Protein chains: 4
Amino acid sequence: MQRLDPAKRQEILDAAARLFAARPFHEVRLDDVAAEARIGKGTIYLYFEDKEGLYLSLIREGMSRLVNAVEAQMENPCADVWDRLAAAVEGLIGFASRFPDLFRVMRSGALTADDPELQRSRRELSGLIERAIRDGNEAGQTADPWPELTTQFVLSFVRGAVLYPPEGLTAATLRHHLMVVLRRGIAKEASA
Amino acid sequence: MQRLDPAKRQEILDAAARLFAARPFHEVRLDDVAAEARIGKGTIYLYFEDKEGLYLSLIREGMSRLVNAVEAQMENPCADVWDRLAAAVEGLIGFASRFPDLFRVMRSGALTADDPELQRSRRELSGLIERAIRDGNEAGQTADPWPELTTQFVLSFVRGAVLYPPEGLTAATLRHHLMVVLRRGIAKEASA
Amino acid sequence: MQRLDPAKRQEILDAAARLFAARPFHEVRLDDVAAEARIGKGTIYLYFEDKEGLYLSLIREGMSRLVNAVEAQMENPCADVWDRLAAAVEGLIGFASRFPDLFRVMRSGALTADDPELQRSRRELSGLIERAIRDGNEAGQTADPWPELTTQFVLSFVRGAVLYPPEGLTAATLRHHLMVVLRRGIAKEASA
Amino acid sequence: MQRLDPAKRQEILDAAARLFAARPFHEVRLDDVAAEARIGKGTIYLYFEDKEGLYLSLIREGMSRLVNAVEAQMENPCADVWDRLAAAVEGLIGFASRFPDLFRVMRSGALTADDPELQRSRRELSGLIERAIRDGNEAGQTADPWPELTTQFVLSFVRGAVLYPPEGLTAATLRHHLMVVLRRGIAKEASA
DNA sequence: TATGAATGAGATTTCATTCAT
DNA sequence: AATGAATGAAATCTCATTCAT
């Protein structure tokens, strides 16, 4: 699956992202994907196992890129806890605005329940945020008895805000409000 | 479409909830639904327009029940803001634990983007929580510049916890933790 | 696979026999089978797994009927060796003329190499003829050092004569000539 | 279509023989043939019209070689009838053991019913054996009322033995047994 | 000449929906 | 009202064939 033209492979993935973002899986025809990518229908099968394989590749590679993006934003591990959390949020929101279709598909969560590679990515992403909180707990900056829960909250929040954005919400406001609530919510001394 | 045996109709919905919770829409066959509900396949068409109609009914009625549950919990409008928010959270979590399959389907968000009735329900649910926060703002108990976002936060928190529950999380713990974070996050005093 | 209407199942098999007899497997479309059987295309899948399953069922059941036909012809086990062999040949030729399409498909031998049920039937059919020859050997009527080989010869001969019949050949002549050659070929005292 | 490298053409035919011997026509992909012959898929089309053309060439040329082989064995026309028949049998069995795959494909009889060139070859092959028997009849060595059927018998005998060989059968035994049965079956004296 | 990526016609198969019972 | 056999439109997928390199 590494032969052939990687650029064309990516074009197919891009086309698929646009279509899967706009319609649920079963309403996207491979004919449409081929037309959107301006290739023949059979060509898809040179690059992907089948329709589900294409969908999974899209999500897997998107998830992997998202993890990398968040990791890159948080890269300075010595940084302050709040900086690291802000970086994580920035990474998530930045990814969502740079690849809105892909993010939409990834977050719709269909078909992906039990793919091991995806579960690994999900745990990796959660791990990045959890670790920041745990470090904060140890450093005495935060006092969060349920870091996993807070992590899910951050991820769900960004998801919700990006998929169903309230009227007039900017990325900056979203980021700011999330950080405010988060800071107040789990800081050691309730911000006092 | 509303006559016939309401109990049988509900059995079909229950069966559908179980299956749609476990698999994406296009992997659930009406044959499966009929078998799960122990009725003939044709019977589904006596109670529902078609497959999508069944799915929409499931979500619509679930959403409507959820709104009612939350509303019932919050019914005393004069109550303290925190009591009202706690009641809302109680309503959400209670519903999610009583109807886990249904909640899972409702929160997966597939196929439901543009149904007007659903949008109304969603706004109604959000409205209940938003109104409590706005009342809190006016009463000087809370100081939240973005009630809609905070509402989204509450819903996301429950969603994340229910769909991807951390090991060993109980409903009581979830409720408690959410209320702690919420209180710290938007209480007036906290920003004093 | 035993539910549904067995008569309709047989009609599908009959239609398939006609088409598979006239064209090789890959040139027979399920559309054609459905049209020939005057049913909808999907109905085939109610009665058979898939195209190959239909083909296999056709051959398996044909083979089973052929074995029964030959067995029935030979049913008197005390009979003279030559009578039994003549009966076997009669059974083969009779089956071939009663079900020419089916026989043609069965003998074309495509796709059937490694089906266990078919191998069993084939062995059973061979066994009937072999046993007659071995009994003949023991009774001192025949002296055939290779009963299996002779059995294959009988089967191949009938196959060849039926699939590629020489100009002007009648079933009676075929039967007569085969028996003459066979009798002379393996009788104990070379007919002396 | 006859230029290009004859050795490569033969390699393709050999690869095709191996594959067509193991699987029915429609299960052999040109991809497989190309891989087996270690050439590019497009190259096949330089040497053959299309897939069916390749298959027909394989059988035609195999049949032609078989006829030549049998002809060569029988080349002394003045020889004794039994010697000529033994030579024919020797030619058939020798060919079958030297080219088992090719023989298997040729004898499976798929797709070749109405090719004129093949029919000519078939008649030629039959003719060689028939002529020997007719000469034997005229010379008073044999007394066979149905030389065509006897020819069919010889061909069937070899076919059956090669396609479904009994345990432990050698070419020599096969040849010997066939000649014994044949001699008894149609010798003049035998009917005296 | 040789290749194998690309193609798309056309095959198999699925499954929501219908309807005779 | 209830059923499930029957249907066929429409989907996925295959693979012989082409053609730019």
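In what follows, every chain begins at residue 1, and chains take the letters A, B, ... in the order their sequences are listed. Everything quoted here is computed from the prediction, not taken from an experiment. All heavy atoms count here, side chains included; hydrogens, waters and symmetry mates do not.
- Positionally, the nearest nucleotide of DNA chain F for A:V28 lies more toward the 5' end than for the other of A:V28 and D:H26.
- With DNA chain E read from its 5' end, the first of the two nearest nucleotides for A:G42 and C:E52 is the one closest to A:G42.
- With E:dA6, E:dT13, E:dT17 as the choices, the nucleotide that has an atom nearest any side-chain atom of A:K8 turns out to be E:dA6.
- Between the CD atom of A:E27 and the C1' atom of F:dA10 there is a distance of 14 Å, rounded to whole Å.
- Residue D:D50 is in sugar-phosphate contact alone, with no base atom involved, counting any heavy-atom pair closer than 4.0 Å across all strands shown.
- Nearest nucleotide to the side chain of A:L30, out of E:dA5, F:dA6, F:dC13: F:dC13.
- Remark: C1' of F:dT12 and CG of A:D32 are 13 Å apart, rounded to the nearest angstrom.
- Taking the side chain of C:T43 as heavy atoms from C-beta on, and the options E:dA16, F:dT7, F:dA16, the nearest nucleotide is F:dT7.
- Of the two residues near DNA chain F, B:G40 and C:G40, the one whose nearest nucleotide lies more 5' is B:G40.
- Ionic pairing of B:K41 and B:D31 is present here: one or more N-O contacts between side-chain nitrogen and carboxylate oxygen are shorter than 4.0 angstrom.
- Remark: A:R65 fails to qualify as a cation-pi partner of A:F95 under the 6.0 Å distance and 45° angle criteria applied to the six-membered ring.
- The phosphate of F:dA2 (OP1 or OP2) has a side-chain N or O of B:Y47 nearer than 4.0 angstrom.
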Per-residue pairing states of DNA chain E in dot-bracket (Watson-Crick or G-U under 3.5 Å; . unpaired, | other strand) read .||||||||||||||||||||
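- Here the P atom of nucleotide F:dC15 and the CD1 atom of A:I44 are 17 Å apart, to the nearest Å.
- D:K41 comes within 4.0 angstrom of a base, heavy atoms only.
- Both tests pass for A:K51 against the ring of A:F25: distance under 6.0 Å to the centre and angle within 45° of the axis.
- A side-chain N or O of C:D14 and one of C:Q10 form a donor-acceptor pair less than 3.5 Å apart.
- Atom CD1 of C:I12 is separated from atom P of F:dA5 by 13 Å (rounded to the nearest Å).
- Listed candidates were F:dA5, E:dA16, F:dC15. Nearest to the side chain of D:R29 is F:dC15.
- At a threshold of 4.5 Å between non-hydrogen side-chain atoms, the residues A:L66 and A:F99 do not count as touching.
- A distance of 12.0 Å separates CD of B:E36 from CD1 of B:I12, quoted to the nearest 0.5 Å.
- Between C:E61 and C:R9, at least one side-chain N (NZ, or NE/NH1/NH2) sits under 4.0 Å from a carboxylate O, which counts as a salt bridge.
- In this entry the distance linking CG of B:L54 with P of E:dA16 reads 11 Å, nearest Å.
- Nucleic acid contact class of C:D5 (heavy atoms, under 4.0 Å, all strands): none.
- If you take CD1 of C:I39 and P of F:dA5, they are 14 Å apart, rounded to a whole angstrom.
- Computed from coordinates, the C:R9 CZ to F:dA6 P distance equals 13 Å when rounded to whole Å.
- Remark: P of F:dC19 and OH of D:Y45 are 12 Å apart, rounded to the nearest angstrom.
- When distances run from any side-chain atom of B:L46 to the nucleotides F:dA2, E:dT1, E:dT17, the shortest one goes to F:dA2.
- At a threshold of 4.5 Å between non-hydrogen side-chain atoms, the residues C:R104 and C:V162 do not count as touching.
- Between E:dA16, F:dT17, F:dA1, one nucleotide has an atom nearer to the side chain of B:K51 than all others, and that is E:dA16.
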